[in-house]
Amino acid sequence: MAQLQDKAQELKQALAESDEFKSLQSLHNQINEDEIAKKMLDNFRQLQLELQQKQMQGIQITEEEAQKAQQQFELVQQHELISKLMEAEQQLSVIIGDINKVITEPLEEIYGTPEQ
C-alpha cells in the first residue's frame, strides 16, 4: 500500500509541475485579480451549481433556466481570460481522464468495461 501512496504522490507532483497545471493556475490568479472577470465567473459557476443540484434532486430544469445558463455561458466565453481558463480546465480534465483510464486498467481486467 505504501508503494501505491508513493506513486500517487509522485503523480500529484508531476501534475503540479506540468505546463497545463501551471497555465491553469496562472489564469486562475489573473481572474482573481480582475474584479469583473471574477464576478462573472463566480456568477456563472453559482448558476451551474444550482442547476446541477436540481438535476441531482430529480427536479426538472425549466426552459427559462436553460436559456439563462446558455446566456451566462455565452457571456463568460466572450471574456478572454475566462475563455482561456475554461480551455485550460478542459485540457487538464482530459489529462486526468487519461490518467484515470490507465490506473483503472487492472480493474477492467477483472470487471470488464462498461461497454461489454
Side-chain angles (χ1 to χ4, degrees):
M1 180 66 172
Q3 182 182 8
L4 290 175
Q5 291 296 329
D6 291 344
K7 294 293 182 188
Q9 288 296 327
E10 288 176 30
L11 184 56
K12 177 184 90 171
Q13 189 64 34
L15 184 64
E17 293 172 359
S18 72
D19 290 340
E20 293 83 1
F21 179 82
K22 288 178 182 177
S23 175
L24 177 68
Q25 189 173 41
S26 173
L27 288 163
H28 194 276
N29 291 339
Q30 290 175 57
I31 286 175
N32 282 335
E33 293 171 5
D34 181 331
E35 284 185 44
I36 293 171
K38 181 168 178 18
K39 184 150 184 75
M40 287 174 66
L41 186 58
D42 288 347
N43 289 341
F44 175 69
R45 295 236 163 111
Q46 181 61 38
L47 179 61
Q48 275 186 315
L49 181 61
E50 290 169 7
L51 295 178
Q52 286 174 350
Q53 287 174 341
K54 278 187 167 188
Q55 286 180 321
M56 290 172 59
Q57 295 171 355
I59 300 171
Q60 183 70 27
I61 294 173
T62 67
E63 183 65 31
E64 182 180 319
E65 289 171 323
Q67 286 178 351
K68 182 178 179 183
Q70 181 62 34
Q71 289 170 348
Q72 282 275 354
F73 177 72
E74 290 171 4
L75 180 65
V76 296
Q77 281 290 330
Q78 291 175 10
H79 194 287
E80 184 179 359
L81 276 178
I82 296 173
S83 180
K84 286 181 179 180
L85 176 77
M86 289 180 163
E87 185 178 313
E89 288 173 339
Q90 180 62 34
Q91 289 174 348
L92 201 55
S93 178
V94 168
I95 290 169
I96 291 170
D98 291 346
I99 291 168
N100 190 46
K101 284 181 186 176
V102 171
I103 63 175
T104 58
E105 282 178 9
L107 295 173
E108 288 178 6
E109 291 175 11
I110 295 171
Y111 297 108
T113 59
E115 298 85 38
Q116 292 179 344

Pick from Gln46, Glu50, Arg45: which one makes a side chain to side chain contact (heavy atoms under 4.5 Å, CB included) with Gln48? Arg45
Does CD1 belonging to Ile95 count more than 12 external heavy atoms closer than 6.0 Å? yes
Out of the candidates Gln70, Gln72, Gln78, only one should pair with Glu74 under the side chain to side chain donor-acceptor pair (under 3.5 Å) rule; please name it. Gln70
CG-OG1 distance between Leu51 and Thr62, expressed to the nearest 0.5 angstrom: 8.5 Å
Distance (rounded to the nearest 0.5 Å) between Leu49 CG and Asp42 CG: 12.0 Å
Shortest non-hydrogen separation from Ala66 to Ile61 and the atoms involved: N-CG2, 4.0 Å
Which atom pair, heavy atoms only, marks the closest approach of Phe21 to Leu15? CB-O, 3.1 Å
Minimum heavy-atom distance between Leu47 and Ala69, given as atom pair plus value: CD2-CA, 3.6 Å
Is a donor from one side chain sitting under 3.5 angstrom from an acceptor on the other, for Ser26 and Gln30? yes
From Met1 CE over to Asp6 CG, what is the distance, rounded to the nearest 0.5 angstrom? 10.5 Å
Are a donor atom and an acceptor atom from the side chains of Lys12 and Gln9 found within less than 3.5 Å of each other? yes
Does the side chain of Phe44 reach to within under 4.5 Å of the side chain of Gln77, using non-hydrogen atoms? no
Go through the steps to decide whether Glu80 and Lys84 satisfy the test salt bridge (Lys or Arg N to Asp or Glu O under 4.0 Å), and finish with yes or no. CA-CA 6 Å; Glu80 184 179 359; Lys84 286 181 179 180; 3.1 Å; yes
To the nearest 0.5 Å, what is the distance between OG on Ser23 and CG on Leu92? 9.5 Å
Distance, nearest 0.5 Å, that separates CG of Leu85 from CG of Leu41: 6.0 Å
Could you go through Leu11 and Lys7, starting from their C-alpha distance and side-chain angles, then the distance that decides it, and tell me whether this counts as side-chain contact (heavy atoms from CB on, under 4.5 Å)? CA-CA 6 Å; Leu11 184 56; Lys7 294 293 182 188; over 6 Å; no
With clusters defined by side-chain heavy atoms of hydrophobic residues (ILVMFWY) lying less than 4.5 Å apart, directly or transitively, does Val94 cluster with Ile99? no
Please say whether more than 12 non-hydrogen atoms of neighbouring residues, nucleotides or ligands are located less than 6.0 Å from NE2 in His79. yes
How long is the span from the CD atom in Gln52 to the CD atom in Gln55, to the nearest 0.5 Å? 7.0 Å
Please say whether more than 12 non-hydrogen atoms of neighbouring residues, nucleotides or ligands are located less than 6.0 Å from CD in Gln60. no
Closest non-hydrogen contact found for Met40 with Ile82 is CB-CD1, 3.9 Å
